[in-house]
Amino acid sequence: MITEVLTDIWDKILDHFQRHNSQTWRNWFEQIEPLELENGVLRIGVPELNWQQYLKQNCNESFTSSAQHVTGHLVSIDYVHTQKKAMASTDTGEAIDLEEDDLFYYNPDYTFDNFVVGPCNRLAHAACQAVSETPGQVYNPLFIHGSVGLGKTHLMQSTCQALKRKIGQDFTALFLTCETFVNDFIRAVEQGDLYEFRYKYRHVDVLVIDDIQFLSEREQSQEEFFHTFNSLYQSRKQIILSADCTPSEIPNLEDRLVSRFNQGLVTRIDKPCIETRMAILYKKAGMRGINPSEDVVSFIAKKIDSNTRELEGALTKIHGLAMLEDGPITMELARQALGEEPQPAHHQISISQIIDVITEHFNVRLSDLQGKRRNRSIAFPRQLCMYLARDLTRHSLEEIGGHFGGRDHTTVLHAYRNIDQLCDQDESIRNLVQQLVAGITQKQ
Ligand code: ADP
Ligand code: MG
């Protein structure tokens, strides 16, 4: 097919996509190259593996629909990782297999370029940049803490992506949430795979564990992590950790771990001030290819002062409404979109607050909730906890499961649906849930 024709088609597809998919559009889509359109398959080239993953996971349906709309044919899309060919010619096949086996993909949005620096996060940002320059040498471990939605994961992923770009394939980083570590450990113990487990965690250049507070009360995992930590530290490998509080504030964390975590740099991220909130909004808008007026940006930044994830959500909401009405983002529209914004109070709720209220109300112990017993006097409060955790916090199903004895996400989902259905059917349960929510929010 003639290249110009293909380019023209692709531009139209991009345009259609952008107009119809405000939330998933990113400005880097402009760097995607159409390669060919043959036998009903449109091949597009993406230079980065995590871009390819993002497109497949978040955009495939929308891109297919835009392609079908523009071409008038039943076209499907094939996302080709273009750097792969270059790597194959310069490197061994093994290296490529390794990368493809690596199932963790960094979020393409989470780069230093996309991170807005302000007084609230300047130190954490500088520390991450320093670590990305000389891992294992400056701040080790680096411990970043702050409440939810303030950019901890973003910064840590930026660090890994910068290192990967700088050092390339020789660099091995493991980025995972604390639950994944705990669950992986439990699985390794069950399957007698500890040797492999230890090899995996102790032979990396950088180990990043997000939300390390989940080690709280998990004695065996703490023990294992202590040895993992020492092994990496002694070989001068970089360790980066995040939590929603300082090391010593993590409940029931062994003293020796607290002291290890404190021996590097402990840095806090605070809530962004109004100027930083506005700068973040401009940045996020730019990434989505929109350009809201200063009035609108300042309106959102004033209205939402809790956390950055909320801020982004508000922008998406306003943008979505503008798309729906096929008009510009005006102040009136922004007001309309955010008019019914729920109070952000709920978003700071932690799972331990929920657990406190439930254990007190039902007179059960935390170990019961985390244990395996299935009789109703335990199973019901446990399911309620999972339901409330899903409703009132921003934790993923996996994270919630991790709090309750390492249960998997399907168990959490089942619990959620069960309680949801009970609320529909039974007024007394509905009232009970309301009463518990009131108790939890009062603890704020
Ligand atoms: P945390 O891990 O602290 O809960 P995240 O890293 O998940 O928070 O951040 C939540 C959202 O806010 C993400 O979309 C992230 O990109 C965005 N965000 C937070 N801080 C900033 C910042 N300073 N600049 C740009 N985006 C930010
Ligand atoms: Mg996070």
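Computed from a prediction, not measured in an experiment: that's the story for all the values here. We count residues from 1, following the sequence as given.
- No side-chain donor from either of T177 and D211 sits under 3.5 Å from a side-chain acceptor of the other.
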Can you check side-chain contact (heavy atoms from CB on, under 4.5 Å) on N50 and Q161, steps first, answer last?
CA-CA 10 Å; N50 59 343; Q161 299 208 57; 3.1 Å; yes
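- Remark: the backbone N or O of L333 is paired with a side-chain donor or acceptor of T330 at under 3.5 angstrom.
- Y110 and Y106 have their aromatic ring centers separated by at least 6.0 angstrom.
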Going through the checks in order, is the salt bridge (Lys or Arg N to Asp or Glu O under 4.0 Å) test met by D184 and R187?
CA-CA 5 Å; D184 209 14; R187 185 202 48 75; 2.9 Å; yes
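- In this structure, R165 has no salt bridge (Lys or Arg N to Asp or Glu O under 4.0 Å) partners at least two apart in sequence or on a different chain.
- Formation of a donor-acceptor pair under 3.5 Å by the N121 side chain with backbone atoms of G118 is found in this model.
- Side-chain contact between I440 and L392 is present, with at least one heavy-atom pair separated by less than 4.5 Å.
- Taking the ring pair (Phe, Tyr, Trp, His ring centres under 6.0 Å) definition, one finds that Y54 meets it with W28, sequence neighbours left out.
- Salt-bridge check for D305 with K271: failed, with every basic side-chain N at 4.0 Å or more from each acidic carboxylate O.
- Scanning for ring pair (Phe, Tyr, Trp, His ring centres under 6.0 Å) contacts around F115 gives H125, H154, with sequence neighbours left out.
- A donor-acceptor pair is defined here as one N or O able to donate and one able to accept, closer than 3.5 Å; such a pair exists between the side chain of Q213 and the backbone of D244.
- Annotation: side chain of V208 is not in contact with side chain of L174 (no heavy-atom distance under 4.5 Å).
- A 4.5 Å side-chain heavy-atom check between I212 and I250 finds at least one atom pair inside the cut-off.
- The two residues V80 and L35 come nearest to each other via the heavy atoms CB-CD1, 4.0 Å.
- I355 has its side chain within reach of L369: a pair of non-hydrogen atoms, C-beta onward, lies under 4.5 Å apart.
- Take H20 and apply the ring pair (Phe, Tyr, Trp, His ring centres under 6.0 Å) test, not counting sequence neighbours, and it matches H16.
- Put simply, the side chain of S231 never gets that close to the backbone of H227: no donor and acceptor are under 3.5 Å apart.
- With contacts defined as side-chain heavy-atom distances shorter than 4.5 Å, the pair L207/F229 does not qualify.
- Side-chain N or O atoms of R26 include none that pairs as donor or acceptor with a backbone N or O of M287 at under 3.5 Å.
- Legend: residues meeting salt bridge (Lys or Arg N to Asp or Glu O under 4.0 Å) with E36, ordered by chain and number and at least two apart, are R43.
- We find that E224 and R202 are joined by a salt bridge, their nearest charged nitrogen and carboxylate oxygen being less than 4.0 Å apart.
- Within the model, atoms OG1 of T153 and CG of N107 stand 10.0 Å from one another, a figure rounded to the nearest 0.5 Å.
- Electrostatic pairing of R394 and E310 counts as a salt bridge here, judged by a charged N lying under 4.0 Å from a carboxylate O.
- A salt bridge is absent between D420 and R417: the closest approach of a Lys/Arg side-chain nitrogen to an acidic carboxylate oxygen does not fall below 4.0 angstrom.
- Once rounded to the nearest 0.5 Å, the distance linking CD1 of I400 with CD of E179 reads 9.5 Å.
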As a quick check of understanding, evaluate side-chain contact (heavy atoms from CB on, under 4.5 Å) for L232 and V204, giving each step before the final call.
CA-CA 8 Å; L232 289 169; V204 289; 4.0 Å; yes
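- At least one side-chain heavy atom of Q336 sits under 4.5 Å from a side-chain heavy atom of E325.
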Evaluate the side-chain hydrogen bond (donor to acceptor under 3.5 Å, both in side chains) criterion for residues D408 and T411: first the C-alpha distance (whole Å), next the side-chain angles of each, then the deciding distance (0.1 Å), finally the verdict.
CA-CA 6 Å; D408 70 16; T411 310; 3.0 Å; yes
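- For the residue pair N418/Q383, the side-chain donor-acceptor check at 3.5 Å is satisfied.
- Here the OG1 atom belonging to T159 is positioned 14.0 Å from the NZ atom belonging to K164, to the nearest 0.5 angstrom.
- Within a 6.0 Å sphere centred on CD of Q137, other residues, nucleotides and ligands contribute more than 12 heavy atoms.
- Contact of the P292 side chain with the I318 side chain is not registered, since no non-hydrogen atoms from C-beta on lie closer than 4.5 Å.
- When side chains are defined from C-beta on, V297 does not count as touching F299, because their heavy atoms never get closer than 4.5 Å.
- Between A279 and V116, the shortest heavy-atom contact is CB-CG1, 3.6 Å.
- No more than 12 heavy atoms of other residues, nucleotides or ligands shown are found within 6.0 angstrom of CD on E196.
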Begin with the C-alpha distance, continue with both residues' side-chain angles, and end with the deciding distance and a verdict on side-chain contact (heavy atoms from CB on, under 4.5 Å) for N60 and L55.
CA-CA 6 Å; N60 190 35; L55 293 167; over 6 Å; no
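- The structure places OG1 of T246 at 7.5 Å from CG of N262, a figure rounded to the nearest 0.5 Å.
- Across all their heavy atoms, P247 and V266 have their closest contact at CD-CG1, 4.0 Å.
- In this structure, N114 and D109 approach most closely via the heavy-atom pair ND2-O, 3.0 Å.
- The number of heavy-atom neighbours closer than 6.0 Å to CD of E61, taken from other residues, nucleotides and ligands shown, is 12 or below.
- S350 and Q353 get closest at one heavy-atom pair: N-OE1, 2.7 Å.
- A donor-acceptor pair is defined here as one N or O able to donate and one able to accept, closer than 3.5 Å; no such pair exists between the side chain of D391 and the backbone of Y387.
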Run the side-chain contact (heavy atoms from CB on, under 4.5 Å) test on I358 and L388 for me, step by step, so that the C-alpha distance in whole Å, both residues' side-chain angles and the decisive distance to 0.1 Å come before the verdict.
CA-CA 10 Å; I358 296 277; L388 293 169; 3.9 Å; yes
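- For the 3.5 Å distance criterion, the side chains of D205 and T172 qualify, holding a donor opposite an acceptor.
- Atom CG of L150 sits about 10.5 Å away from atom CG of L155, to the nearest 0.5 Å.
- Aromatic ring centroids of F63 and W10 lie under 6.0 Å apart.
- Pairing each heavy atom of F261 with each of P141, the nearest pair is O-CG, 3.9 Å.
- Between K152 and D210 no salt bridge is recorded (no basic side-chain N to carboxylate O distance below 4.0 Å).
- Side chain of Q238 to backbone of Y139: a donor-acceptor contact under 3.5 angstrom is found.
- Under the 3.5 Å distance criterion, the side-chain polar atoms of T393 are left unmatched by any main-chain donor or acceptor of I351.
- For the 3.5 Å distance criterion, the side chains of N252 and R218 fail to qualify, holding no donor opposite an acceptor.
- The side-chain contact (heavy atoms from CB on, under 4.5 Å) check on S293 picks up D295, V296, with sequence neighbours excluded.
- Not one N or O on the side chain of R268 forms a donor-acceptor pair closer than 3.5 Å with the backbone of G146.
- Note: I239 CD1 to N140 CG = 5.0 Å, rounded to the nearest 0.5 Å.
- Here the two rings, on Y201 and F225, have centers that are 6.0 Å apart or farther.
- The backbone N or O of K237 sits nowhere less than 3.5 Å from a side-chain atom of S235 that would complete a donor-acceptor pair.
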